[in-house]
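Data first, discussion second: the structure below is written as structure tokens.
Everything quoted here is computed from the prediction, not taken from an experiment. Numbered from 1 within each chain, the chains take letters A, B, ... in sequence-line order.
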Amino acid sequence: MTQHLLAIDDLEPGQLRTLLDLARSHADADPQTESRTQLSGVTVAQLFYEPSTRTRCSFEIAARRLGADVLNLDINHTSTVKGETVVDTVRTLAAMGVRLFVIRHGDARVVQAAADVLPPNCHLLNAGAGTRQHPTQALLDMLTLMRAGFDFARLDISIVGDLRHSRVAASAVEALRMLGAASIRMGGPEGFLPDNAPAGVSLHQDLKETIQGAAVIMALRIQRERIAADVLTDPQLAHPTAYHEQWGLNEARVAQWAPSARVLHPGPMNRGVEIDDELADGPRSLILDQVQNGVAARMAALTWLFHGDSIL
Amino acid sequence: MTQHLLAIDDLEPGQLRTLLDLARSHADADPQTESRTQLSGVTVAQLFYEPSTRTRCSFEIAARRLGADVLNLDINHTSTVKGETVVDTVRTLAAMGVRLFVIRHGDARVVQAAADVLPPNCHLLNAGAGTRQHPTQALLDMLTLMRAGFDFARLDISIVGDLRHSRVAASAVEALRMLGAASIRMGGPEGFLPDNAPAGVSLHQDLKETIQGAAVIMALRIQRERIAADVLTDPQLAHPTAYHEQWGLNEARVAQWAPSARVLHPGPMNRGVEIDDELADGPRSLILDQVQNGVAARMAALTWLFHGDSIL
Amino acid sequence: MTQHLLAIDDLEPGQLRTLLDLARSHADADPQTESRTQLSGVTVAQLFYEPSTRTRCSFEIAARRLGADVLNLDINHTSTVKGETVVDTVRTLAAMGVRLFVIRHGDARVVQAAADVLPPNCHLLNAGAGTRQHPTQALLDMLTLMRAGFDFARLDISIVGDLRHSRVAASAVEALRMLGAASIRMGGPEGFLPDNAPAGVSLHQDLKETIQGAAVIMALRIQRERIAADVLTDPQLAHPTAYHEQWGLNEARVAQWAPSARVLHPGPMNRGVEIDDELADGPRSLILDQVQNGVAARMAALTWLFHGDSIL
């Protein structure tokens, strides 16, 4: 029995696989004819200390499709909690009857502290914290690969961009390794590489080397403020256009170096920086599949946390 | 089959009349005993790139009375979409399963572009765009006139105020002409007149001339920043009080010049500028009827877009 | 038949007691198995002109557990109502079909004015106004005392802190007197005392004298901006730490002076100012009980306003 989902490695490999099967069944269901009873009478609170319309909406749609009520706390833009700590806010909402908490915060320790004070009948779902944890993003990425027909045991996947600051990349790597991915390459300019390669992953500083022959390429979102000479060690990259020249993914490069590759991106995209329009909107793109699968993955995670392994 | 409702002239006259009949049946229904099944399991997303609590609430109540889920994206006050284009936001929400989009934006071309990328099972409803389009406002205005007993074939209506910048006026004129209104006058100070009179409409620069003998007077909301010497050609109007002196509607003027007239205003009112309290709150006023009918008109528009002409 | 709940003294003592009994039955119910039909088809609008995530969430959860739709108007942070008066906003929402209004505003006269314009089938619930009125806070405090086993006829209660500006204290005193509390003491530094003691209440300027032997101690939230030499007459209190030294409640003081006391606080807490962690989180604390009971108290108030005394 797992009370919270803070990171992918909270899961056993078997749990991850069954959770993905559950998510797949939600992805195949018709929203109009669902029973919407799995979480009926349950209140889900969303606490986003960092803004993310995309993830918040995905969780809100998921929770409502399960019959839950959703309470949105727009904490980022307001001083409405009057300086209250996250721990006190979470305790208070639990006392009001909230049973599921969806939290995004810049500091993973704060999310852990919030989880630690919750009573046993309350469950916390990390919607992105720090630079390492974003478990439902990893779930939706894996679900997308499964539904696109990939077999993890043979999967050759490349992750490109700001690997150092990306919780998307960190979570994906955890899940890919747990599912036994055959090959994981990561590539980006020097300042974007992690200090050490995660176990089972090779690091590259050249785009061709990173993606050549890959079956799947995952592009990461590049935060513009990080493309600057003091972050990237190579001052020639200190502008989005220059970055795009050297590391941007486009149809021509992918067609040449990884002709059968499908492409992922967690969104929102900086078109013309890490990816260009032709690739993002073309037939290789699985980007809208990811968005669609995100709702199903979150439905599975919410249901599983609330009802426990018996649901699987 | 119409996929989107961007402007009144997306409708055939017959569709407009049947849509108004559908709206009338919603206006006559009791919210407490409705079945709330027409849009059950459907998610409506509201994207307001210009703020409007009034219109947003009206759509939200309408959608909920039909059994839909409503997702509010408070885009105006936040940077939560991280610079994503409207087109990418709409595509993303469609991938999450959103089927109805309610959008307000300052630029009508952006709304058109959003409509153009939506798949066939997704429908967009323009909640106000640019200076020409506000179709549900026109629907609610026409519904209000119908329910107040007016016969369009004999209707003598006057529209007063900032005609040049008003999507309310532009949409009303389209609907009135489609329904065969007998006479449409428009009046306002020179800087507030359109460059050309719309077909079938007479333009006036004198209040008495504009409203004399009218059966209905529609007052427009005056944006205070537009009452200034560089916008209005007459510097004597360059203050709300001066504007009110010359163009403001009050009970005495209406009683004298159009003694049987009923009065419309789209709200929110600038009391003491374009209209005074006695008129706004008196027996001629249909202003709260408009608000009430707004919910019914939006219920009809949402239902019709989703289910198609078969619902009519 | 009472149309609105603006203040505790809108209630007869008998009504207050029956309302508390109704609240108690909601507090004992299981949210997952409730019928959620008492307010089905009813729209509740929340208008918070002062921010309060806590109270807003509590009302939202209460309304949803009764089957209502909830419309949130985030008026505080936006200019979305375009300068419209509260009275016009309320009239407009009533025309849209809103039947229950939950309003918080700094000025109690504005709330009264809003109530005055509502039609008879619309009901307004004051969620905190001015420095005197916060009726649902008093309900939840009384419910908490009842459920903790206190008998009002024997109750010896002390209220500590900024009594002068606290609508929590003013409302609690009204309810306590109506329920026949045996003894009510209030204490705080001179600048925080009301000009006159409310009838039946004794005022104190010493913490020990205020709480000695009390069965219940209610700590009030201290607004930091009020702890300053120009507000507090004693310049030695002009810092939160200094205030805490002299007036802060902690376990040691309570254990010594009121060894059997239970402790209330309306939240959110300034830990280390008016209360310390050991007391707030210890076995004397009823603070999370208050939060839990807040939902039940608001369910009772909403149901009673909408359905009238027949529900009691």
Side-chain angles (χ1 to χ4, degrees), chain B residues 26-27 29-36 48 50-70 72 74 76-78 104 140 144 221-224 265-273 277 280-281 285-296 298-299, chain C residues 36-49 51 56 60 63-64 66-103 113 116-119 121-123 302-303 306-308:
Chain B
H26 284 302
D30 174 2
Q32 244 88 1
T33 58
E34 283 168 316
S35 66
R36 294 182 161 232
F48 277 69
E50 290 182 345
S52 172
T53 297
R54 176 181 293 256
T55 305
R56 185 185 69 74
C57 287
S58 180
F59 268 109
E60 184 162 343
I61 290 172
R64 294 234 182 114
R65 280 179 56 183
L66 295 163
D69 290 328
V70 179
N72 284 303
D74 262 337
N76 190 60
H77 310 290
T78 70
R104 170 166 291 199
L140 75 87
T144 301
R221 174 178 169 80
I222 303 297
Q223 255 122 19
R224 281 164 189 271
H265 187 293
M269 293 180 273
N270 293 302
R271 291 167 176 270
V273 184
D277 290 346
D281 303 329
S285 173
L286 288 167
I287 297 172
L288 288 180
D289 299 69
Q290 290 173 278
V291 174
Q292 185 194 344
N293 291 324
V295 175
R298 283 155 185 144
M299 289 174 79
Chain C
R36 293 182 162 232
T37 54
Q38 289 108 317
L39 296 182
S40 89
V42 175
T43 303
V44 177
Q46 302 215 73
L47 291 86
F48 277 70
Y49 292 87
R56 185 184 69 73
E60 184 162 343
R64 294 233 181 114
L66 296 162
D69 290 328
V70 179
L71 204 58
N72 284 303
L73 283 84
D74 262 336
I75 290 159
N76 191 62
H77 311 289
T78 71
S79 58
T80 48
V81 287
K82 299 178 185 170
E84 195 178 50
T85 64
V86 177
V87 157
D88 270 347
T89 300
V90 157
R91 264 196 193 119
T92 299
L93 291 167
M96 288 182 193
V98 171
R99 299 288 298 278
L100 283 161
F101 293 81
V102 175
I103 300 192
D116 289 344
V117 298
L118 285 173
N121 67 348
C122 290
H123 308 278
L302 290 165
T303 311
F306 191 79
H307 291 289

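- Judged by distance alone, the side chain of B:T144 and the main-chain N or O of B:L140 form a donor-acceptor pair under 3.5 Å.
- Looking only at heavy-atom pairs under 4.5 Å with chain C, the residue among B:T33, B:V291, B:I287 that has the most is B:V291.
- Heavy atoms of B:E60 lying under 4.5 Å from chain C belong exclusively to its side chain.
- Both the backbone and the side chain of C:D69 have a heavy atom closer than 4.5 Å to some heavy atom of chain B.
- Using modelled atom types, one side-chain atom of C:R36 and one backbone atom of C:R64 make a donor-acceptor pair closer than 3.5 Å.
- Put simply, the side chain of B:R56 never gets that close to the backbone of B:P51: no donor and acceptor are under 3.5 Å apart.
- Formation of a donor-acceptor pair under 3.5 Å by the B:H26 side chain with backbone atoms of B:A62 is not found in this model.
- When heavy atoms are compared at a cutoff of 4.5 Å, C:V70 approaches chain B solely by way of its backbone atoms N, CA, C and O.
- Proximity to chain B (any heavy atom under 4.5 Å) is shown, for C:T92, by both the backbone and the side chain.
- Of the residues considered (C:V98, C:D88, C:T43), C:D88 shows the highest number of contacts with chain B, using heavy-atom pairs under 4.5 Å.
- Both cation-pi conditions hold for B:R298 and B:F59: the charged atom is under 6.0 angstrom from the six-membered ring centre and inside a 45 degree cone around its axis.
- Between B:A280 and B:M269, the closest heavy-atom pair is CB-SD, 3.5 Å.
- B:N293 does not touch chain C: none of its heavy atoms, backbone or side chain, sits under 4.5 Å away.
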